[in-house]
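First the structure, in the form of structure tokens, and then the observations on it.
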Amino acid sequence: MQRKRKSKGERRELSAAKTGALVRLLLGWFRQSARSLPWRRTRDPYAIWISEIMLQQTQVKTVIPYWRRWMRELPTVQSLAGARREKVLKLWEGLGYYTRANNLQKAARMIVDRHGGRFPQKYDDLVALPGIGRYTAGAVLSIAFNQPAPVLDGNVIRVLTRLFGIAENPREKKTGATLWGLAETLVRQAASRGRKTKAGSREPTCSHLNQALMELGATICTPRQPECSLCPVRKHCIAFRENRVAELPNLDQQAALTERRFVAFVAESRGRFPVRQRPAGVVNAHLWEFPNVEVSLDHRNIRQLAERLFGARPRSLKPLLRVRHSITRYRITLDVFRAEFADGLPRTIQAGRWCSLNQLRSRAFPSAHGKILKNLATEAERRSSDKPCPPTGQPLPFPRFP
């Protein structure tokens with residue numbers, strides 16, 4: 001006989017009753033199973049903040065080397081506040097969503113100016129900073145300061161909707177409020193617990209509870225093929241009990257990606273290449289790029305595009321590479337051509353500069369244009385290796401690096 005499902009009211013009442021058991025199991029599991037991540041070895045709020053911003057839209061394995069390099073180069077909020085923008089963008093190069101990097105530096109300068117360089121410990125002070133919303137504030141307050149501040153990101157949403165059998169769309173305001181309430185109930189329950197460590201201090205239970213929810217969603221309660229047999233709280237999970245794990249969370253269908261096409265050109269004159277810096281207020285602001293233009297998907301007159309960009313008709317155009325990537329809801333194709341001109345090129349291009357390969361290496365490029373630069377560097381290395389060796393006994397010159 002099929003078991004009758006409980007009503008929503010009964011479900012929520014049951015959910016409140018089991019929070020104590022959930023907290024105990026999650027804390028125990030996190031102690032035993034948490035991944036060893038570099039930002040988990042510090043309570044420095046600055047270091048934790050940097051990791052949380054980097055982890056937005058980015059996988060952990062990608063973030064680790066970026067975080068380590070960032071903390072080596074900019075170890076304090078003061079060093080970030082005083083750094084050159086070019087250095088900040090170069091350290092961020094490849095992570096994408098560059099507004100995050102710009103907001104990090106703006107926020108660091110506000111912390112120095114308004115808070116004397118001390119990282120704020122109050123929620124209202126944190127959310128007043130650029131790029132810090134409710135989730136990031138909760139993560140920093142709980143992980144760095146062990147405050148009972150809730151967190152709710154994609155991983156935690158997935159865990160909570162499955163645990164508590166929440167079938168409504170998490171993006172709806174009412175459902176979102178319910179999830180925030182559950183997250184707060186759990187972290188406040190954790191605040192009332194905490195055993196003593198071997199060193200005699202109290203376990204940072206708020207920090208560990210929130211990280212346990214994130215960790216569970218990242219490693220076990222995954223979007224596809226979750227490993228429910230390994231889940232420490234599966235006996236309390238309504239979705240598992242009712243065989244509805246694959247149905248939750250009940251998210252809207254993602255909008256179809258829109259196709260866009262760009263054409264970029266690589267020109268060269270005396271070992272220098274024309275590039276330009278993107279203006280403020282646009283996607284990838286202040287990053288460098290090779291001259292390019294957006295075209296229709298079926299555009300064919302590439303020579304005309306080059307003439308419009310450089311003010312001269314190219315003698316030849318050769319396909320160099322094609323880069324495909326996605327940004328938010330756009331699927332982008334970037335076709336790159338080598339352009340050669342019979343009478344040379346003008347020494348300047350609109351809003352651009354002529355740079356050597358070493359100078360290009362020191363600038364920050366969006367990932368797609370970074371692949372163009374990598375192609376040029378590989379080509380230069382190949383040409384260099386094809387040169388004849390000097391006579392025996394003649395020393396090789398040391399290469400020059402930026």
Side-chain angles (χ1 to χ4, degrees), residues 38-39 42 44-120 129-132 136 140 272-291 325 327 351-377 380 399-402:
W39 46 85
T42 179
D44 176 10
Y46 170 74
I48 292 166
W49 172 47
I50 298 298
S51 73
E52 287 296 333
I53 300 299
M54 286 186 172
L55 285 165
Q56 294 171 5
Q57 310 290 332
T58 312
Q59 293 182 335
V60 167
K61 65 181 180 181
T62 301
V63 166
I64 289 174
Y66 277 92
W67 183 86
R68 285 179 169 150
R69 184 165 57 248
W70 182 287
M71 293 306 300
R72 185 170 59 247
E73 296 290 328
L74 302 173
T76 65
V77 70
Q78 289 85 355
S79 61
L80 171 56
R84 291 181 299 108
R85 175 190 287 156
E86 190 70 36
K87 179 174 184 176
V88 173
L89 292 176
K90 189 64 180 176
L91 287 170
W92 197 269
E93 186 180 38
L95 282 175
Y97 300 97
Y98 289 87
T99 301
R100 294 181 294 171
N102 289 319
N103 282 337
L104 277 171
Q105 188 166 46
K106 290 177 185 177
R109 288 170 175 169
M110 288 175 65
I111 291 171
V112 170
D113 293 342
R114 300 181 184 181
H115 302 280
R118 294 179 62 84
F119 209 90
L129 298 174
I132 296 186
T136 304
V140 173
R272 294 180 179 270
F273 304 85
V275 291
R276 62 191 185 191
Q277 191 172 30
R278 292 180 63 79
V282 301
V283 174
N284 296 331
H286 308 297
L287 298 185
W288 291 84
E289 63 183 7
F290 291 87
H325 63 113
I327 300 178
R353 295 183 186 177
W354 288 85
C355 297
S356 68
L357 200 55
N358 279 348
Q359 288 172 328
L360 293 179
R361 288 191 182 105
S362 69
R363 286 169 163 77
F365 286 80
S367 59
H369 287 256
K371 291 178 181 178
I372 303 175
L373 176 57
K374 185 176 180 180
N375 183 283
L376 294 178
R400 296 181 65 188
F401 296 102

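Between S51 and V63, every side-chain heavy-atom pair lies at or beyond the 4.5 Å cut-off. At a threshold of 4.5 Å between non-hydrogen side-chain atoms, the residues Q359 and V275 do not count as touching. The shortest distance between side-chain heavy atoms of F365 and L360 falls below 4.5 Å. Residues W49 and L129 fail the side-chain proximity criterion, which asks for heavy atoms closer than 4.5 Å. Looking only at side-chain heavy atoms (C-beta outward), H286 and Y98 stay at 4.5 Å or farther from each other.
When every heavy atom of S356 is checked against every heavy atom of R272, the shortest pair comes out as N-NH1, 3.6 Å. Between A377 and R361, the shortest heavy-atom contact is CB-NH2, 3.8 Å. The two atoms that bring G117 and V77 nearest to each other are O-CG1, 3.4 Å, heavy atoms only. Minimum interatomic distance between V88 and A101 (heavy atoms only, all atoms of both residues): CG1-O, 4.0 Å. Between A285 and A280, the shortest heavy-atom contact is CB-CA, 3.9 Å. Minimum interatomic distance between P75 and D44 (heavy atoms only, all atoms of both residues): O-OD2, 4.5 Å.
No donor-acceptor contact under 3.5 angstrom links the side chains of Q277 and R363, judged on distance only. For R100 and N103, the side-chain atoms include no donor-acceptor pair closer than 3.5 Å.
For T62 (side chain) and V60 (main-chain N/O), no donor-acceptor pair under 3.5 Å exists by modelled atom type. Between the side chain of T42 and the main chain of W39, no donor-acceptor pair closer than 3.5 Å is present.
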After noting the C-alpha distance and the side-chain angles of Q56 and I53, does the key distance pass the side chain to side chain contact (heavy atoms under 4.5 Å, CB included) rule? CA-CA 6 Å; Q56 294 171 5; I53 300 299; 3.5 Å; yes
Side chain to side chain contact (heavy atoms under 4.5 Å, CB included) between W67 and L55, intermediate numbers included: CA-CA 10 Å; W67 183 86; L55 285 165; over 6 Å; no
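Going from atom CG of L89 over to atom CG of N284 covers 9.5 Å, rounded to the nearest 0.5 Å. A distance of 9.5 Å separates CD1 in I111 from OH in Y46, rounded to the nearest 0.5 Å. A distance of 5.0 Å separates CG of L95 from OH of Y66, quoted to the nearest 0.5 Å. Residue L104 holds its CG atom at 5.0 Å from CH2 of W70, rounded to the nearest 0.5 Å. Here the CE-CG distance, from M71 to L91, works out to 11.5 Å after rounding to the nearest 0.5 Å. Going from atom CG of L373 over to atom NZ of K371 covers 13.0 Å, rounded to the nearest 0.5 Å.
The local environment of CZ in R69 is crowded, with over 12 non-hydrogen atoms from other residues, nucleotides or ligands closer than 6.0 Å.
Relative orientation of the H369 and F290 rings is parallel, given thresholds of 30° and 60° on the angle between their planes.
A salt bridge links R276 to E289: one of the charged nitrogens lies within less than 4.0 Å of a carboxylate oxygen.
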